[in-house]
Each structure stands twice: as C-alpha cells, then as structure tokens.
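Below is one structure, written out as structure tokens, with a few remarks after it.
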There are 2 protein chains.
Amino acid sequence: MRDDREIGKHRLRLDHFLPYRLSVASNAVSTRISRAYRGTFDLKVTEWRLIAILAEGGAMTAQALVGATRMDKVSISRAAKALQQRGLIEAEPHGADGRSRFLSLSDGGRALYAEIAPQALAMEANLLADFTGEERALLENLLRRIEDAAM
Amino acid sequence: MRDDREIGKHRLRLDHFLPYRLSVASNAVSTRISRAYRGTFDLKVTEWRLIAILAEGGAMTAQALVGATRMDKVSISRAAKALQQRGLIEAEPHGADGRSRFLSLSDGGRALYAEIAPQALAMEANLLADFTGEERALLENLLRRIEDAAM
DNA sequence: TATTGTTATACTCTATAACTATA
DNA sequence: TATAGTTATAGAGTATAACAATA
C-alpha cells in the first residue's frame, strides 16, 4: 500500500488506473449479462433498457427515452424498431406533435418483462452477494460521481 | 431512500441497476479518455494499454500481455502489429520458443509514453478530483470485487 | 429555421473459428 | 497433440452526418 502510493505519485500503473479498472469491471459484467439476455430472450442490451424504462414509466416519446437511458436517438430508434417488429412495444400517435409517437409495452412486452426482471435482479444480487448494504450504496454513489465528472 | 429500498425488493429500476450504472459510468469515462488518446496521439485504447504495460514491465511475450491486460490474444496481436508498424514497439526472438517473440517499447515508444502518461494521470486526477483518498481506494476495491464476481 | 425521428456509414471493441508454425 | 500467434468474419455499441416530416 505504501509502495502503491509512492509510485502512484509519479508513475502510471495500468493495473490501478481508474479508466482501466472501470472498463474491465464493466466489460466483465456486461458480457455476462448480455449473454443471458441474448441467450434466453434474444434481446440486446439496448433493447432490454427500453423495455425496462417503458415498464417503469409507461408511454414515452423517443426523446424522453433518450433522457431516461443515456442512449442517443439513433440507438433508441433502432432498438424501438426491433422491438416493434417483434410486437413487444406499441406506438400511439402523439396528438400535439405529428413528428413524435408515444411508445409503450404491449401485453407481450409486459409478459416478457415479467420474465426478465426477476432474473436481472437475481444476477445483480449474485454480483453483489458479498457486499454490505452500505457498500452497495457507496458503489452507486461513487459511480454517479465519476459519471458526472466525465461529462 | 426508504422508497428506493422498498421498491427495490420487488421491482427493477434501471436507474439503480448496477450493470446499467457501471456501463454508463465506464462509457462516459472511456469516451472522454479515448478521444484524448485518439486525437492527440492517434492511439486506440487497446494500443495504449500495451504501451502502458510494456513501459512498466519491459519485454514480454504476447501471452504475458494477455495475462497483464485482460485483452484476448487477437486484440493483443492486432494492437502489437499496429504499434510495430509505427515503430513504437520492437520484437526480439524468444530463444527458447520459435513461436513467440519478446515485445518491448522502442525509443520512440518510450518517448510517446513519456508524453502520454502524465496526461493520463492528469485525466484520472481530474475524474477523481473530489474523491478522498479513502474513496479512491474503496472504489478500486469494489470494482475488483465486482469483476471477480462476474468472471 | 429548429426539432423529432430515421437511415446510412464507419469505427472500436469483442468473440469465434480457422489457420500457421512451432513444440 | 498441444500451444503461440495470426487472420478472417461477424456482432454489438457508439458517433456523425444527411435526410424527411413536422413544428
């Protein structure tokens, strides 16, 4: 620990470099998670995010989904198109604005969500199995502060 | 906070879902960092990792780089090829094994590293500017445990 | 003119398999 | 047979620009 601190002042060690550690951890998690979504439900992560947000929030426009997911409008548009083609989401006209539509889960989409959500929570619980409640809250807090600092 | 805990027991909220938060934080950081590498030094992240490891460790085989970076042998091979074509790394025969070579930084590679490393450390310091030393150590610890749990 | 959303294109990272040359 | 490394190919995520329709 003392060695780390002293070296860290002047030299870079990839193994302790935050962007690297963050990337490795995130990649390990998302590889595991995306395999589960893909294998069991034939969903990409981007599609799963839309389903999760629509399940929480009800009908939303594409623009609202951009704000809710940190995905850009191109990704939203493509994920929504794929889900619509599978009948998992539905579009209703947006009375006040002809450019936009309200997207929401279909019955099939809600049924799929009801299947996935418990599995997603179980995977998360598994990842955090040996974390205390305090550590979980701290991790979320630290990640949000990193995210804010990077934007 | 009470609401979050109570909802969290039964429902999934993307905004508080660890794989999502981790992905968003990692993506925000690596977008910012990779733009700097790319724009200033014309390096991909994978290439930068090789340079950083070779700067720390001296001559290594591709296999040793796989172990040191969590990149697979395909990524190592491609990054090494690109760096060698630019004259940033050199290869020496591995006396005992004709299939393998020892890779190391050239003088040009070391000069490039000497330029990048301080900037990389400055970017990291900027990201962690409002973190205490304790928080930094904790974040690294939590990320490593997540990574271990995901593998 | 500006905004919502779509399409086209390209780049990075990753995963897999097929291949070579050595061991 | 097994291992070190290379090449080919494809999928997923993201970024940018050009575009159509509407505001």
Side-chain angles (χ1 to χ4, degrees), chain A residues 19-20 22-39 42-50 60-67 69-85 89 91-103 150-151, chain B residues 19-20 22-39 42-50 60-67 69-85 89 91-103 150-151:
Chain A
Y20 175 70
L22 199 51
S23 169
V24 169
S26 174
N27 190 49
V29 168
S30 64
T31 297
R32 162 170 285 230
I33 300 271
S34 68
R35 276 190 183 139
Y37 294 157
R38 193 93 182 121
D42 192 29
L43 282 180
K44 297 177 187 175
V45 169
T46 53
E47 294 163 3
W48 150 247
R49 286 180 184 173
L50 251 60
M60 303 172 78
T61 64
Q63 196 182 26
L65 287 166
V66 169
T69 60
R70 305 265 189 182
M71 290 160 58
D72 68 14
K73 64 180 184 175
V74 177
S75 303
I76 297 288
S77 175
R78 291 198 175 120
K81 186 181 179 184
L83 294 173
Q84 215 175 342
Q85 284 171 344
I89 68 176
E92 289 174 291
H94 182 310
D97 189 336
R99 295 169 301 181
S100 190
R101 295 166 303 150
F102 280 117
L103 303 174
M151 292 192 317
Chain B
Y20 175 70
L22 197 52
S23 168
V24 169
S26 174
N27 188 49
V29 168
S30 65
T31 297
R32 165 172 282 231
I33 300 272
S34 68
R35 275 189 183 141
Y37 294 158
R38 192 93 182 122
D42 192 29
L43 282 179
K44 296 176 188 175
V45 170
T46 52
E47 294 163 3
W48 151 246
R49 287 180 184 172
L50 251 60
M60 303 173 77
T61 64
Q63 197 182 26
L65 286 166
V66 169
T69 60
R70 305 263 190 183
M71 290 159 60
D72 68 13
K73 65 180 183 174
V74 176
S75 303
I76 297 287
S77 175
R78 289 197 177 122
K81 186 181 180 183
L83 293 173
Q84 216 175 341
Q85 284 172 344
I89 68 176
E92 289 175 290
H94 183 311
D97 189 335
R99 297 169 299 183
S100 189
R101 295 166 303 150
F102 281 116
L103 304 174
M151 291 193 318

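Proteins get letters first, then strands, A, B, ... in listed order; numbering begins at 1 in each.
Taking atom CG of B:L43 as the reference point, atom P of C:dC11 lies 17 Å away to the nearest angstrom. For the pair B:L65 CG and D:dA4 P, the interatomic distance rounds to 13 Å; values are reported in whole Å. Remark: C1' of D:dA15 and CZ of B:R32 are 17 Å apart, rounded to the nearest angstrom. Rounded to whole Å, the distance from NZ on A:K44 to C1' on C:dT14 is 15 Å. For the pair B:I33 CD1 and C:dC13 P, the interatomic distance rounds to 13 Å; values are reported in whole Å. Going from atom OH of A:Y20 over to atom C1' of C:dC13 covers 14 Å, rounded to whole Å. One can place NE2 of A:H94 at 16 Å from P of C:dT3, the figure rounded to the nearest angstrom. A straight line from CZ of B:F102 to P of D:dA4 spans 13 Å, rounded to a whole angstrom.
With B:S77 contributing its side chain and B:K73 its backbone, the two residues share no donor-acceptor pair below 3.5 Å.
Partners of B:T46 by side-chain contact (heavy atoms from CB on, under 4.5 Å), not counting sequence neighbours, listed by chain and number: B:K44, B:M71, B:A79. Remark: A:A91 engages A:Q84, A:R101, A:L103 in a side-chain contact (heavy atoms from CB on, under 4.5 Å) (not counting sequence neighbours). Residues passing the side-chain contact (heavy atoms from CB on, under 4.5 Å) test with A:V24, sequence neighbours excluded: A:Y20, A:R21, B:R70, B:E147. Taking A:R38 as the reference, A:D42 meet the salt bridge (charged side-chain N to carboxylate O under 4.0 Å, His left out) condition, with sequence neighbours excluded. Remark: A:S75 engages A:D72 in a side-chain hydrogen bond (donor to acceptor under 3.5 Å, both in side chains) (not counting sequence neighbours).
Backbone-only contact: A:T61 has heavy atoms under 4.0 Å from sugar-phosphate atoms and none from a base.
Not one side-chain nitrogen or oxygen of A:S100 sits closer than 4.0 Å to the OP1 or OP2 atom of C:dT4. Contact annotation: B:R38 side-chain N/O to C:dT12 OP1/OP2 distance is under 4.0 Å. Within the structure, a side-chain polar atom (N or O) of B:T46 is placed less than 4.0 Å from OP1 or OP2 of C:dC13. OP1 or OP2 of D:dT6 has at least one side-chain nitrogen or oxygen of B:R101 nearer than 4.0 Å.
Sequence order on DNA chain D of the closest nucleotides to A:V45 and B:Q63 puts B:Q63 first from the 5' end. A residue-by-residue look at A:K81 and A:S23 shows that A:K81 has its nearest nucleotide of DNA chain C further toward the 5' end.
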Protein proximity profile, nucleotides 15-23 of chain C - base contact B, sugar-phosphate-only contact S, no contact -, cut-off 4.0 Å on heavy atoms: BBB---BBS

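Distance check, rounded to the nearest 0.5 Å: CG of B:D97 to CZ of B:F102 gives 9.5 Å.
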